[in-house]
Amino acid sequence: QLEEKLRGGLGLACFFLSYGFHFIGFSPLFVDGTLSSVFHSYTGSLKADPLLEPPSMVVNTVLSMMAYDYPPEKLSVYLSDDGGSNLTFYAMLEAANFSKTWLPFCKKFKVEPMSPEAYFRTASEPLNVQEWPSVKILIDGRDTDAVDIEGNPLPTLVYLAREKRPQYHHHFKAGAMNALIRISSKISNGPIILNVDCDMYSNNSESIKYSLCVFMDEEKGDEFGYVQFPQNFDNLTKNDIYGCSFRVIQKLEVHGLDANGGPLFIGTGCFHRREALCGKKYEKNFRFDLKKLNNTKVNERASLLEETCKVLASCTFEHNTTWGKEMGLIYGFPAEDIVTGLSVQCRGWKSMFLDPERDGFLGVAPITLLQLLVQHKRWTEGHLQVFLSKYCPLLYGYKKIPLKLRLAYCAYNLWAANCLATLYYVVVPCLCLLKGITLFPKISSPWVLSFAYVAFSHHAYSLGEFLWCGGTFLGWCNDQRMWLFKRTTSYLFASFETILKLLGYSQLAFVITTKVADEDVSKRYDQEMIEFGVASPMFDILATLAILNLLGSFGAIKKVTMHADKGFKVLDQFGLQILLCLVLVTINLPVYQALFFRMDKGKMPSSVTYKSIIFALLACTLAVY
């Protein structure tokens, strides 16, 4: 559709090619803080550690953004380094220098993906730069000398290390994103903003054109506030050992939201309309003013722009303004992306989910179990806080967005609440089995058919969906295992943390997880071995629950085998409870291996093993006596 418009006439093509773009990214959902493109970074709640989040990762993301198949003079790439790392700044200077060679190489040979690391993995030395700037235009796209080795213009590239002071809350990644929105409006003021996580790179040079086909649609294009691409990963194992792909959600569920107002904003790989992100309400007579946008130019010198932008990035600029409330990303939530997308939709804008055949963006999935559980704790905690705030979709979205969309938000907002039902089914039937208390109908009772039907049909349907979306049977098994692990740990901790925040005993904070793994961890990940390795309260819970069900299964087997005359009676009375315990034991096989059999560094720590055995035995003793 876009190519036809471009070939339709020079005038229309000129209007289209005059659009500017800003590539703005922020901390990914994956790690509780990161470096990004416009990207920022955190360690805990203060600053980033370039050793945990290597600047080479950011460089690769930036270069992949600059290499889009789109007129480079209309591209602007902004990078926000909240950690103020010298290493990151020097890496960006080298990236600016290397882009003069990398971009023509990509265009000449049609390189896909456009990330150098993903293509042939190299690095080089930084330039010798003495002064430390807070805002620096590394490549000025307006400068006639800003060309590659073939004489073609380069995109604008801007580095930002915004001001931070202890007495002013910097609002983590949402604050960095808002600072970049202001700075980009001063330097290039493109109408479309793309945000990408630092651990992701552009994998499809046509992504801009795909999104523009939505924004420029003659009938409905003016209604859309953002276009969301799926979050995909390039390091998943064959059977997705940690269930990171969200295969069914992204292939089926999210597409269904297009008919009800559009998908959620998931924090990365999203093209935003600047007006929508900055708080403008949609009006039915709204039209994309092409001529106005075409004439938007900045004439100030780069040095003058840098000084002006320092004010926009200062820690006091937002004081007594609507930034973080009505403008930009919303403050006060770990999942600021979700609440921001909701607020945009409640202002009348729609969104669309776009999933081209070639993935638009690829990132790095967790390669250890603890990384996964910490990631999901933050996600579910953020969702639950949104549900319990004034931004609760059922209330905040009343008469603003369709009921179906409000209910769709709630399905994700209440993920953390699943911990209660899951813990009941993991703990209570096992303990009742040891005590001799029946919870389900006898096998000989006709009522057992209802339980059997629900269990079988649900899992058969779930497996069918998973396979239809391109998964494998083992992948589905891993996915079910991870849902159990997350519900009994991540969701539980997220619920407690949210309650503590509501009571005023805890404050909003980000916990960073490393994206650098040693060779042994990577090797075990490639072999699809679950990585434990370190002591964690989450592992204490997983191991205790696993041993608890193992003891319950042993107790049931003992009752059946030791009393042959009563064996069938026991099976008839406790058959469903025994089956549930055996299913849970099967799901926890990797946990037993890590507790008792594995000898590598990825095994369960001895302290976790001892504590889990003691806790499980204590629970069984209390249940029996």
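Hydrogens, waters and symmetry mates play no part in the numbers below; they use all other heavy atoms, side chains included. Keep in mind the model is a prediction, meaning the values are calculated, not measured.
No side-chain donor from either of Y70 and E206 sits under 3.5 Å from a side-chain acceptor of the other. Using modelled atom types and a 3.5 Å distance limit, the side chains of D359 and N232 yield a donor-acceptor pair. S202 and Y68 are linked by a side-chain donor-acceptor pair at a separation below 3.5 angstrom, with hydrogens and angles left out of the test. Side chain to side chain, Y201 and D234 meet the donor-acceptor criterion of an N or O pair below 3.5 Å. Side-chain N/O atoms of S64 and S115 include no donor and acceptor closer than 3.5 Å.
Summarising the geometry, atom SG belonging to C392 is positioned 13.5 Å from atom CD belonging to Q385; distances are rounded to the nearest 0.5 Å. Note that the OG1 atom of T472 and the CG atom of N478 stand 7.5 Å from one another [nearest 0.5 Å]. Distance check, rounded to the nearest 0.5 Å: CZ of F229 to CG of D355 gives 8.5 Å.
K350 has no carboxylate O lying under 4.0 Å from a charged side-chain N of D258, or vice versa, which leaves the two without a salt bridge. With respect to the salt-bridge test (charged N to carboxylate O, under 4.0 angstrom), the residues E253 and R247 do not qualify. With salt bridges taken as basic N to acidic carboxylate O contacts below 4.0 Å, one links R378 and E336. Using a 4.0 Å cut-off between a side-chain N of Lys or Arg and a carboxylate O of Asp or Glu, K501 and E381 qualify as a salt bridge.
Taking the six-membered ring where the residue is Trp, the centroids of F271 and Y210 are separated by 6.0 Å or more.
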Steps toward ring-ring contact (aromatic ring centres under 6.0 Å, His included) verdict (F333, Y391): CA-CA 11 Å; F333 299 91; Y391 291 100; 5.8 Å; yes
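Formation of a donor-acceptor pair under 3.5 Å by the E528 side chain with backbone atoms of N239 is found in this model.
Both the sub-6.0 Å distance and the 45° axial angle are not jointly satisfied by K400 relative to the ring of Y398.
Of the candidates F493, F485, F246, F246 is the only one forming a ring pair (Phe, Tyr, Trp, His ring centres under 6.0 Å) with H376.
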